[in-house]
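Step one of this worksheet: look at the structure below.
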There are 2 protein chains.
Amino acid sequence: MTQTTVRVGKSLRPQGKVRQEDARRHHRTLLLQHLFRTGAASRADLARTSGLTRVTVSDLVGEMLADGLVEELGAPAEARVGKPPTLVGMVVDSSHVVSLDLSSVDTMQGAVMNLAGAVVDRAEVSSGGARGTDAVALAVELARTLVERSGRPVLGIGIGSPGIVDDRGTVLDAPNLGWHGTDLAGEVAAATGLPVHVANDANVAALAEHTYGGAAEGGLLVLRVGFGVGAGLILEGVLLHGHAAAAGEIGHVTAEDDGEPCACGRTGCLETLLAVPRLRARLAAADDETALLAATGARLGEVLAPIVGALNVHELVLTGPLDLLDGALRDAVTTTLRRRVMAVTSDSLTVRTSNLGDDVVLVGAAGLVLAGELGVS
Amino acid sequence: MTQTTVRVGKSLRPQGKVRQEDARRHHRTLLLQHLFRTGAASRADLARTSGLTRVTVSDLVGEMLADGLVEELGAPAEARVGKPPTLVGMVVDSSHVVSLDLSSVDTMQGAVMNLAGAVVDRAEVSSGGARGTDAVALAVELARTLVERSGRPVLGIGIGSPGIVDDRGTVLDAPNLGWHGTDLAGEVAAATGLPVHVANDANVAALAEHTYGGAAEGGLLVLRVGFGVGAGLILEGVLLHGHAAAAGEIGHVTAEDDGEPCACGRTGCLETLLAVPRLRARLAAADDETALLAATGARLGEVLAPIVGALNVHELVLTGPLDLLDGALRDAVTTTLRRRVMAVTSDSLTVRTSNLGDDVVLVGAAGLVLAGELGVS
DNA sequence: CACATTTGTTAGTTCATCGCACTAACAAAC
DNA sequence: GTTTGTTAGTGCGATGAACTAACAAATGTG
C-alpha cells in the first residue's frame, strides 16, 4: 500500500509535483510497458521507441536486470549489419500476482497468475452465504492461502468485488456480501503485508478485455451480467472510475415502464430483466425462450444506445453466462443499437462476448495489480 | 502550435518521456493553476500547497514575473506573526485570448477575453449561409480582426465549432457549415501565426461550465441545444473527447419510436424533438405548450438516464434558449431522471441551466486556450 | 582486408530540485 | 527598549537523472 503521489500509467492530475525519482520510475515503466505489450527488444530498440538515449535505457535496463524483472535473451536469429543486439525480455515468472473474484454467487474464486496474465494456480472457497466480516475473513483466508502456495515473490493482490468500490479499495456498498463501507483492501493488506488493489467486478472485467482481450482502441463498454448487472468503461485508454466510484451502476437504470419490482425499491430496473436469476426465472415461465431473449436484448439495446452514442463506444462486450447472452439476446442488442445510434458510430461498433471466459474478473484483477504496481497495461 | 509532448492538465499517457524541462513546466503550471483558481497567494503559500520547496517556488515565480504572467501585490491586510508575505497574483490582462463561437445559426460570434475569462471586446459577422471555404474565410477574418483590435499579446485562439472535431483541430464533419475534413485550426493558425485550439461547441461549453460555471466536482454533463443537439462530458476532471472525436453526438440517438424523419436518414432522433427549429415548430402547432415541453423533457430524461446512471453524473447543465429549456422541460427532465436512476446517484444530481448565458461557448473556447497553452483549468 | 554500421558502455556535462544556512521583518512578552 | 520566536524569501553546495561525445566490440559489405 505504499504508493507514490504520482501514479504513472493512469491519468496524471496536476495536483502533485513530479520528483525526478518519479520521472525515472515513469521511464522504467515506459520500457517495461513496451516489453509487456510487444515482447522482447534490444536496448537500442527501446531507446528508439521511448525517445530516451541508449545510455539512459542501458542504465534503466540494468536496474531492472538487477531486480530480476527482465532478463537477457541473447541475440536474435536474423543477422544484420553491425553489432548484433542483445534482446531483453520480461521475466513473466519473476513474481506472481494473486487475484480474487468475489462476484460469483456461491463461491469466491482465486488464482495465482504470472506477469503475462496466465493462471499458475487456482483455489476457491464456497462462501455459503457468508456476509459482513465473515465474508471478509473468507476472502482474507483465500488470499493468504494463495500467497503461501505461490513459490515466488508476490507483487500484489488484485480483487474484483461486486458493489461500489472507491479508489482506496473500500467497498462502499455491496448488498450481496453485506458490505457497507468495508475496508476490504485494508483488511487484506494488513493480513498479508502486500499491496492490494480492489475495484468493482465490471470495471475489472473491462480492464481485462482492454489489456488481454484483444480489444481495439476506442471506447470499450463491458457489460457484466451476473447476480446483478454492472458496466465497466474504458475511454481514451483509461478505466473510468466515476467520481463517487459509482460509475457502472447501470443495473438500476429503468429499462421498462411499469416493470417488475426491484430490490432497490423501484420498478423496471435493468436488473429485473437481465440479472441471471431473474432472467432464468422468466425463461422458465416463458413459452418462447428465443423471443423472450430477443425482447430482453432489445430492451438492453435501448438502455445502452444513449451511452454508446454519446461516448462513441466502439466495442461492446457482454460477459456472463453465454447460454443467455450469446444468441438471440446479443443479436437483438446489436440490431437495436444499429437502429438507434447514428451510423458513424454504429457502423464501427462490435458487439461480442468475452474472449476470456469465466476468468475475466481474475485476469482483470491481476491487470489491476500490474497497472498499479508496474504501470503496465 | 508548438506543443511539448507532455500536456499537463490533460491525461498523460505513458507514451512519452518526461524531460526535466517538462517537469519544470509542469510545476510552473501547478503554481499558476493555484493562482488562477484560488487567487493571489504568497510564495510560501504556493510552496505549501504544491509540495515544492520555497526555494523552487521562488525560482519559478521569478521566471513568471519576468514573463509578465504574474505580479507582486504587496502584503495582505491582516497582520500575523512573522514576516509579512508578498502576495503574488496572475496578471489577468498580461495577454489576451481570442475566441470564436461558430455554433449560432446565422452569425459567428467572436470575443477578446482576458485570462480570467472576462470579455474585453466583441465582434460578430453574419454568416449569411456561407459554407465550405467561404465560411472558413469568414472565421479567419473574424479572428484576425479581433487579434488586431486586442492591444495585448494574444496567447492563442480558441474556437467552438459545431460538428465533429478531432484533437488536431480538423473539423471532420459539420453539415451546417459544409465542412468535411476541413483543417480549421490550420487555416486560422496560418493566417494569424498563433496557436489555435478547436473543439466541438458542446464540449467547449462543458469546459466552460467546469472551469467558470461553478460546477461541483464529479461528473458533469452539458447538453447543448441549438441548431442541433450535442453533449459535452467532464469526467474525473477531464474533458472527454472520445476516440474518433465523436463523443457527445447524442443528437442522433433515437428518442422516439416511429418518430419524425431526421436529416441523418433515420427517424425519431433526439434532434427531431429537441433542436431549436424543430421544437419551435412543434410548439407553434401545439395546443398546450407546457404539456409539449414537459413531454419533450420526459423523452430527454429517458435518453439521458442511462448516461447519468452509468457514469454517475452529478450535474446536468442545459444550455440553449432559456424560454424553451428552463421551465416545464427542465422540471420534466429532473423528475424523469429521479424516477429512472438509482437514488444514490440521482439524489446528488443537480439539473440546471447555464450560469454563463449566451457566452458559454466563447468562454469555453477561451478556456480551451488557457488549458492548452498555460495548463490552467 | 579496409570500412561502414550498429550496439552497448564510459566519461563528462547540464539541469531541476533539495537541504541547509542565512538575512529580513514582524508580533508578543518582558 | 530588548529579547524571543516565527515566518518569508534567498544564496550555495549537493544530488540525481538524463544528456552529449566518444569509443570499443561485433558484424556485414565492397
Side-chain angles (χ1 to χ4, degrees), chain A residues 4-6 8 16-31 34-35 40-66 70-89, chain B residues 4-6 8 14 16-32 34-35 40-66 70-89:
Chain A
T4 55
T5 13
V6 178
V8 185
K17 61 175 172 177
V18 179
R19 292 167 301 180
Q20 28 186 195
E21 181 194 332
D22 297 323
R24 188 173 176 83
R25 196 177 203 83
H26 172 76
H27 290 154
R28 246 183 78 148
T29 290
L30 211 61
L31 304 185
H34 189 77
L35 297 180
S42 72
R43 292 168 173 81
D45 252 330
L46 289 172
R48 271 186 294 269
T49 55
S50 67
L52 298 165
T53 19
R54 291 202 304 278
V55 183
T56 308
V57 171
S58 263
D59 193 26
L60 290 167
V61 167
E63 217 177 272
M64 292 193 286
L65 277 171
V70 300
E71 62 186 342
E72 293 196 332
L73 300 169
E78 350 90 50
R80 290 185 333 224
V81 186
K83 174 181 173 182
T86 317
L87 290 182
V88 180
Chain B
T4 55
T5 14
V6 178
V8 185
K17 62 176 171 178
V18 179
R19 292 168 300 179
Q20 23 188 202
E21 181 194 332
D22 297 325
R24 188 173 174 84
R25 195 178 204 84
H26 172 76
H27 291 153
R28 246 185 79 148
T29 290
L30 211 61
L31 305 184
L32 205 60
H34 189 77
L35 297 179
S42 72
R43 291 169 174 80
D45 252 329
L46 291 172
R48 271 186 294 268
T49 55
S50 67
L52 297 166
T53 8
R54 292 203 303 277
V55 183
T56 308
V57 170
S58 264
D59 191 27
L60 290 168
V61 166
E63 216 178 274
M64 292 192 286
L65 277 171
V70 300
E71 63 188 341
E72 294 196 330
L73 301 169
E78 352 90 51
R80 289 185 334 222
V81 186
K83 174 181 173 182
T86 317
L87 290 182
V88 180

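Here is how names work: the chains are called A, B, and so on, in the same order as the sequence lines, proteins then strands, and each is numbered from 1.
A straight line from CG of A:Leu60 to P of C:dT9 spans 12 Å, rounded to a whole angstrom. Between the CD atom of A:Glu63 and the C1' atom of D:dG16 there is a distance of 12 Å, given to the nearest Å. Put simply, CD on B:Gln20 is 8 Å from P on C:dT17, counting in whole angstrom units. Put simply, CG on A:Leu30 is 11 Å from P on D:dA18, counting in whole angstrom units. Nucleotide C:dG8 holds its C1' atom 13 Å from the CG atom of A:Leu46, rounded to whole Å. Taking atom CG on A:Leu65 and atom C1' on C:dT9, their separation rounds to 14 Å, with Å as the unit. Atoms CZ (A:Arg19) and C1' (C:dT17) sit 12 Å apart, rounded to a whole Å. Note: CD (A:Glu72) to C1' (C:dG8) measures 10 Å, nearest angstrom.
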Where do A:Val88 and A:Asp45 land on the side-chain contact (heavy atoms from CB on, under 4.5 Å) test, with the steps shown first? CA-CA 10 Å; A:Val88 180; A:Asp45 252 330; over 6 Å; no
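Nucleic acid contact class of B:Arg54 (heavy atoms, under 4.0 Å, all strands): base. Residue contacts shown for A:Val57 are absent, as no nucleic acid heavy atom lies under 4.0 Å away. At a threshold of 4.0 angstrom between heavy atoms, the contacts of A:Arg28 with the nucleic acid are absent.
In terms of modelled atom types and a separation under 3.5 Å, the side chain of A:Lys17 and the main chain of B:Gly51 share a donor-acceptor contact. In terms of modelled atom types and a separation under 3.5 Å, the side chain of B:His27 and the main chain of A:Val18 share a donor-acceptor contact. A side-chain donor-acceptor contact under 3.5 Å links B:Ser50 to the backbone of B:Leu46.
Residues B:Leu31 and B:Val57 share a closest heavy-atom pair of CD1-CG1, 4.2 Å.
In this structure, A:Arg24 does not reach the D:dG16 phosphate: none of its side-chain N or O atoms is under 4.0 Å from OP1 or OP2. Dashed line: the shortest gap from a side-chain N or O of B:His27 to OP1 or OP2 of C:dA16 is not under 4.0 Å. Phosphate contact (OP1/OP2 of C:dT6, side-chain N/O of A:Arg48, threshold under 4.0 Å): absent. In this structure, A:Lys17 does not reach the C:dA16 phosphate: none of its side-chain N or O atoms is under 4.0 Å from OP1 or OP2. Using a 4.0 Å cut-off, no side-chain N or O of A:Thr53 falls inside it from OP1 or OP2 of D:dA18. A sub-4.0 Å separation between OP1 or OP2 of D:dC19 and a side-chain N or O of A:Thr56 is present. Taking only side-chain nitrogens and oxygens, A:Thr86 comes nearer than 4.0 Å to OP1 or OP2 of C:dG8.
Ion pairing of A:Arg19 with A:Asp22 is present here, as a side-chain N (NZ or NE/NH1/NH2) and a carboxylate O approach within less than 4.0 Å. Using a cutoff of 4.0 Å between basic side-chain nitrogens and carboxylate oxygens, A:Arg25 and A:Glu63 are not scored as salt-bridged. Contact check on A:Arg24 versus A:Asp59 returns a salt bridge, with a Lys/Arg side-chain nitrogen under 4.0 Å from an Asp/Glu carboxylate oxygen.
Counting only heavy atoms from C-beta outward, the side chains of B:Glu71 and B:Leu73 approach each other to under 4.5 Å. For the pair A:Thr86 and A:Arg43, the minimum side-chain heavy-atom distance is below 4.5 Å.
For the pair A:Ala23 and B:Arg43, nearest-nucleotide mapping onto DNA chain D gives the more 5' position to B:Arg43.
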Nucleotide by nucleotide, 5' to 3', does protein get under 4.0 Å of the base (B), only the sugar-phosphate (S), or neither (-) in nucleotides 25-30 of chain D, counting heavy atoms? BBBS--
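Rounded to 10 degrees, the angle between the two end axes of the helix from C:dC1-D:dG30 to C:dC30-D:dG1 is 10°, with five pairs used at each end.
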